[in-house]
Amino acid sequence: MSEETWIVAIDGQQIEGEHGAEQVRTLMRTNPGRQIVVWNDTMTAWVDPATLSAFRAAPAPAPAPR
């Protein structure tokens, strides 16, 4: 199964190409205060990636038992 890809726009300007979830997370992290929206062919509208579970930070692993 291939990774889901996303079309991304920042402040109304679409970025060329399709981007994986990790690339979108990086864009979110490195562009604070800018409007980022994503879309793919499973969606009916562009959305803020922060509202999608695919872009929420993974929880930190539990510490190893001592």
Give me the atom names and distance for the closest heavy-atom approach of [X] to [Y].
{"X": "Asn40", "Y": "Thr5", "value": "CB-O, 3.3 Å"}
{"X": "Val38", "Y": "Phe55", "value": "CG2-CE1, 4.1 Å"}
{"X": "Ala54", "Y": "Ala21", "value": "O-CB, 4.2 Å"}
{"X": "Ile36", "Y": "Pro49", "value": "O-CD, 3.1 Å"}

Exercise. Please step through side-chain contact (heavy atoms from CB on, under 4.5 Å) for the pair Leu27 and Trp6, ending with a clear verdict.
Key: CA-CA 12 Å; Leu27 288 169; Trp6 303 87; over 6 Å; no
Self-check item: Glu22 CD: over 12 foreign heavy atoms closer than 6.0 Å
Solution: yes
Exercise. Rounded to the nearest 0.5 Å, what's the gap from NE2 on His19 to OG1 on Thr26? Could you check?
Key: 11.5 Å
Return yes if some donor-acceptor pair links the side-chain N/O of [X] with the main-chain N/O of [Y] below 3.5 Å, else return no.
{"X": "Asp48", "Y": "Val37", "result": "no"}
{"X": "Gln14", "Y": "Ile7", "result": "no"}
{"X": "Arg25", "Y": "Gly20", "result": "no"}

Quiz item: Under a 4.5 Å cut-off applied to non-hydrogen side-chain atoms, are Glu4 and Thr42 in contact?
Solution: yes
